[in-house]
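Since we're looking at a predicted model, the values are computed, not measured. Chain letters run A, B, ... following the sequence lines, proteins first, then strands; residues in each count from 1.
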2 protein chains.
Amino acid sequence: MTATVAETSADSSIRRNSGVSLWRQISDRIRRLETDGQLDADGRLPPEFRLAEEFGVNRHTVRSAISHLVQEGVLRTEQGRGTFFRSRPRLAYPIGRRTRFSAGLEGQTSTLQTVLVDSATVPADTRVAEALGMAPQAHTVWLRTIGLADGEPVSTAESWFPADSLGGIADTFRRTGSITAALAALGVADYTRRSTVLTATHAGDDDLARLKLAPGAIVLATESVNVDPAGRPIQYSRTRFSADRIELTIENG
Amino acid sequence: MTATVAETSADSSIRRNSGVSLWRQISDRIRRLETDGQLDADGRLPPEFRLAEEFGVNRHTVRSAISHLVQEGVLRTEQGRGTFFRSRPRLAYPIGRRTRFSAGLEGQTSTLQTVLVDSATVPADTRVAEALGMAPQAHTVWLRTIGLADGEPVSTAESWFPADSLGGIADTFRRTGSITAALAALGVADYTRRSTVLTATHAGDDDLARLKLAPGAIVLATESVNVDPAGRPIQYSRTRFSADRIELTIENG
DNA sequence: TACTATTTGTACGTATGTATT
DNA sequence: TAATACATACGTACAAATAGT
């Protein structure tokens, strides 16, 4: 049984002169095959000549698409045998009242890590001040972190904390390696998520660098506020997830 | 040529030989300026020569990017004055226990509509049967709907309902024009959302046609199950939102 | 072992699109 | 507007590796 990629021989979804090269469009389509489940169990891609037929392009163009995906580590080719996906299932990341990075992905990967890459004390801009319920220009501690699953970056976040009550969060994070533990050490025994706003865009150059993505990749962006048991905002965050690697599950109730 | 700010900022964001033409990358970047809020209040774009400097490309290339966005209806140019966004703010669509399309977008648009474009009675595949807690191959009613805000498509959904209890949902929907009203007419006075899974991908050809998107556009995809007050699954849906037009807000508690 | 069919890898030539100068 | 350089895409042909007969 072969995987059917397109229903007709000349696929209308590949567009010429769109500003995106054919190999790039095909590369994106092949990437989607994996997650859309239109694939054999062994993760084998149809042969090049067949993909060329189905996409309505020359075999070279398909080869160009495949070679870029090999470069990226998505595919693996074996001469005489075929082309295969290096299987990397998408991680399910729960978003709810009690969202925590490490707890969320537990059990789905062998190693999990949150790395602090930068921090500073900065005045709150209007958006940050509003989210944290502070006066504009009030001092906040800003952290830039990257979430690693099995050593590979899957998310990156900017977080702001009120400097008056949580001024030591950067140092504490460096010692503990976790936001939850750092907050606990600073007297915030528990916290819950008050709100999350979710959008999706093309990855910017920051995202490409930090999440090691290819141009044109997609990021899921969340904007969220955590509050302590008394309802006081303690953390405002903007997180960007690699959409290829992560799916978000929303917990109701 | 002297070393300038333009040179240093040039090589970071726009990539040559990435399979995406420079004008297309710049076009995508300009599109993002609007939603990322890096813009003057009047929606005015910096002059072409400045954009060319900042992106590190020739002014011709910027002009090519802008002319495509004008073609698409995203920008509007005025000779001698400048280039402006035709502003279309993103709609906030809440996802929570009591998610409903019409209630969600109320007050943000002048007209709202859910249109039924196709329906059929089909046997449940494994995924649908599992979600609805039915036997595989059991009869379900399938609906394809499109959500319109101010006459423009912003979402499209496939929904499955158990045919035994809700066999008349298609006809009832045609009369009432709303899922909530149709369910009420069939004896389901109330329902809540049990789960939502969220991913983001490039728009497929189906999405492009139904949501009137440009190639390379992004869709937010949700997979959700609604249950009646007794906890019985009554609806399984796959919805695709135009990421340019919609942001999802997650209600906790 | 040898033969064949299948599939990936390499090479050359040509035409067109893209971007700069 | 024109000249130039390079990327993209196609067509054809053949070489190399694999699996089965």
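The side-chain contact (heavy atoms from CB on, under 4.5 Å) test applied to A/Ala129 returns A/Ala124, not counting sequence neighbours. The side-chain hydrogen bond (donor to acceptor under 3.5 Å, both in side chains) search around A/Arg63 returns A/Glu48, not counting sequence neighbours. Applying the side-chain hydrogen bond (donor to acceptor under 3.5 Å, both in side chains) criterion to A/Asp206, with sequence neighbours excluded, gives A/Arg210. Under the side-chain hydrogen bond (donor to acceptor under 3.5 Å, both in side chains) criterion, A/Glu72 pairs with A/Arg31, sequence neighbours left out. Among residues two or more places apart in sequence or in another chain, the side-chain contact (heavy atoms from CB on, under 4.5 Å) test is passed with B/Val197 by A/Glu247, A/Thr249, B/Glu223. With sequence neighbours excluded, the residues that form a side-chain contact (heavy atoms from CB on, under 4.5 Å) with A/Ser159 are A/Phe161, A/Gln235, A/Ser237. The side-chain contact (heavy atoms from CB on, under 4.5 Å) test applied to B/His202 returns A/Asp28, A/Arg32, A/His202, A/Ile218, not counting sequence neighbours. In this structure, A/Gln79 has no side-chain hydrogen bond (donor to acceptor under 3.5 Å, both in side chains) partners at least two apart in sequence or on a different chain.
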With the criterion being N/O to N/O and under 3.5 Å, what pairs connect the protein with nucleotides 2-5 of chain C, and how long is each?
none

I'd like a list of close polar pairs between nucleotides 3-5 of chain D and the protein, N/O only, cut-off under 3.5 Å.
none

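Taking every heavy atom of residues 60-72 of chain A and every atom of DNA chain D, pairs under 4.0 Å involve A/His60, A/Thr61, by number.
Relative to the side chain of A/Thr77, the nucleotides D/dG11, C/dT8, C/dA19 differ in distance, and C/dT8 lies closest.
One end of the helix from C/dA2-D/dT21 to C/dT21-D/dA2 points its axis 20° away from the other end's axis, with each axis taken from 5 pairs and the angle rounded to 10°.
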